[in-house]
2 protein chains.
Amino acid sequence: MNQRTQIRDPELTRARILEAAEALFVEQGFSAVKLSELARAAEVTKSLIHHHFGSKEQLWEAVKDRAFERYFTAQMAMLEEAGEPDAALLRSSVEAYFHFLRENPGVVRLFAWTHLEGDNHCSELDSQLVGAGAEWVRQTQLRGLLRADINPTHIIAVFVMTCTQWFEAKCHHQHWPGMGSDEAFLEDFLKIFMEGVTPRE
Amino acid sequence: MNQRTQIRDPELTRARILEAAEALFVEQGFSAVKLSELARAAEVTKSLIHHHFGSKEQLWEAVKDRAFERYFTAQMAMLEEAGEPDAALLRSSVEAYFHFLRENPGVVRLFAWTHLEGDNHCSELDSQLVGAGAEWVRQTQLRGLLRADINPTHIIAVFVMTCTQWFEAKCHHQHWPGMGSDEAFLEDFLKIFMEGVTPRE
DNA sequence: GCGCTAATTGACCGGCCGGCCAGTTAGCGC
DNA sequence: GCGCTAACTGGCCGGCCGGTCAATTAGCGC
């Protein structure tokens, strides 16, 4: 900003802008964020934001791309290290997904904002992920280790949506009477879910 | 707007503003809505909005209050007409809730926006609702008709969150490979859920 | 009918929004 | 070192945002 330390590092500048932008967009959503505020947060001039990203809209896209890229690679890694299909593995996948969301609350909110915008530019990536997961479920069904009378995609959807909503709407239902902690809820959800997808002997 | 039909009907005016505001807020969220646009949609001058509601913020509160009031009374009515506690009734309650959300997509989005804002000014009403539902579950558990090893509030939460997320994030997962229709998903969710909450004989 | 209240209008405002541009300068290739 | 590219600055802009206000008038109580 002022005359001190005139070192230039465009990579760092881009990173600083992206980081500050992600924080603000996650917090307030696209239209509530002001570029002036963002510039202050990133310790950068407003013009610099335009120089590196073109417009507020393009910056928003860049932020989403980066976050969903992270989400996608993390999930893909989890899927790939999954071993022999069986019910226990499904359980631990749900746990892993739940904990991933808990550790990445920003991603959850970013998802939520984009859902509300009707934006589905991340759905190619997500479809891949869900497709792979559903295929894994199908294999497990074929081995008789999961109920075969349920659409595999729906099995994935049920646990993904429950975990997502738990964190998206946390501010809302955390005050519900009798509601337990993250872990207590996950425990109870797994009781229902696992019992529901496992075949009766 | 112009000189024709100089009839005044403040109630109708308020209603027109509220209706247009709800539509826009539902669509775009609070900060993306412009009062000028809203005035045009409601066929009303901008000043009239301020006259009747004070400020954009207060109008937003009024819109939320009205919508949540509607939601609350509808749900309370459903709860009260519920009869003898048993598992079949839980099933039909889930179905009713799911169909209510499908018929009221605006409410779902309004909920979503307020969740993201961290606003929980509707939580007293909601807590009542959840409390009543959980109590009903507890009664059913005591009769041995539902598994007793699960927190009743969590049972409510699981189905509420799944239904909510289904509609909140519809634009997102409707393109997932293998995903079925509303009814097909509900069917599969109920298979999992009912099996999960029913005691093994 | 008369007068008072409040619904309604349209002109207007200060502020700030996203974006632009002319000018400066750091840093890299040569 | 030299020059060129692009990173970076600060001032600026048009537009429109939410909000105000004075003036007008419909409608209701009496």
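What you are looking at is a predicted structure, and each value in this text was computed from that prediction instead of being measured. In what follows, chains are A, B, ... by sequence order, proteins preceding strands, each numbered from 1.
- Picking from dC8(D), dT9(C), dG19(D) the nucleotide with the shortest atom distance to the side chain of L48(A) gives dC8(D).
- For the pair E11(A) CD and dC28(C) P, the interatomic distance rounds to 12 Å; values are reported in whole Å.
- Taking atom CG of residue D9(A) and atom P of nucleotide dA6(D), one finds them 17 Å apart after rounding to whole Å.
- Between dC8(D) and T13(A), a contact under 4.0 Å exists linking OP1 or OP2 to a side-chain N or O.
- The pair K64(B)-D119(B) counts as a salt bridge, with a side-chain nitrogen and a carboxylate oxygen less than 4.0 angstrom apart.
- A donor N or O paired with an acceptor N or O is not found under 3.5 Å between the base of dG10(D) and the side-chain atoms of T45(A).
- Figure legend: cation-pi geometry between R102(A) and Y97(A) absent, as NZ or CZ is not positioned both under 6.0 Å from the six-membered ring centre and within 45° of its axis.
- When distances are taken from the side chain of H51(B) to each of dA6(C), dG27(D), dA7(D), the shortest belongs to dA6(C).
- The CD atom of E57(A) sits 11 Å away from the P atom of dG18(C) (whole-angstrom rounding).
- Mapping P10(B) and S47(B) onto DNA chain C via the closest heavy atom, the residue that lands nearer the 5' end is P10(B).
- Atom pair L59(B):CG and dG19(D):P shows a separation of 10 Å (rounding to whole Å applied).
- Considering only side-chain atoms of H50(A), the nucleotide from dC17(D), dG19(C), dT8(C) that sits closest is dG19(C).
- Across dT24(D), dA7(D), dG18(D), the shortest atom-to-atom separation from the side chain of K46(B) is found for dG18(D).
- The 12-atom threshold is exceeded at CD of Q174(A), counting heavy atoms of other residues, nucleotides or ligands nearer than 6.0 Å.
- Phosphate proximity of dC17(D) to S36(B): present, with a side-chain N or O under 4.0 Å from OP1 or OP2.
- As the counterpart of dC30(C), dG1(D) is assigned, both hydrogen-bonding distances of the Watson-Crick or G-U wobble pattern falling under 3.5 Å.
- Following rounding to the nearest Å, Q28(B) (CD) and dC17(D) (P) show an atom-to-atom distance of 11 Å.
- In summary, E22(B) and R70(B) engage in a salt bridge, as defined by a charged side-chain N under 4.0 Å from a carboxylate O.
- Counting non-hydrogen atoms of other residues, nucleotides and ligands closer than 6.0 Å to CD of E57(B) gives a total of 12 or fewer.
- If you take CH2 of W60(B) and C1' of dG18(D), they are 17 Å apart, rounded to a whole angstrom.
- Straight-line distance from the CG atom of L35(A) to the C1' atom of dG18(C): 6 Å, rounded to whole Å.
- Between I49(A) atom CD1 and dC17(C) atom P there is a gap of 12 Å when expressed in whole angstrom units.
- Listed nucleotides: dA7(D), dC17(D), dT24(D). Nearest to the side chain of H52(A): dA7(D).
- Checking dC8(D), dG19(D), dG18(C) against every side-chain atom of R8(A), the shortest atom distance belongs to dC8(D).
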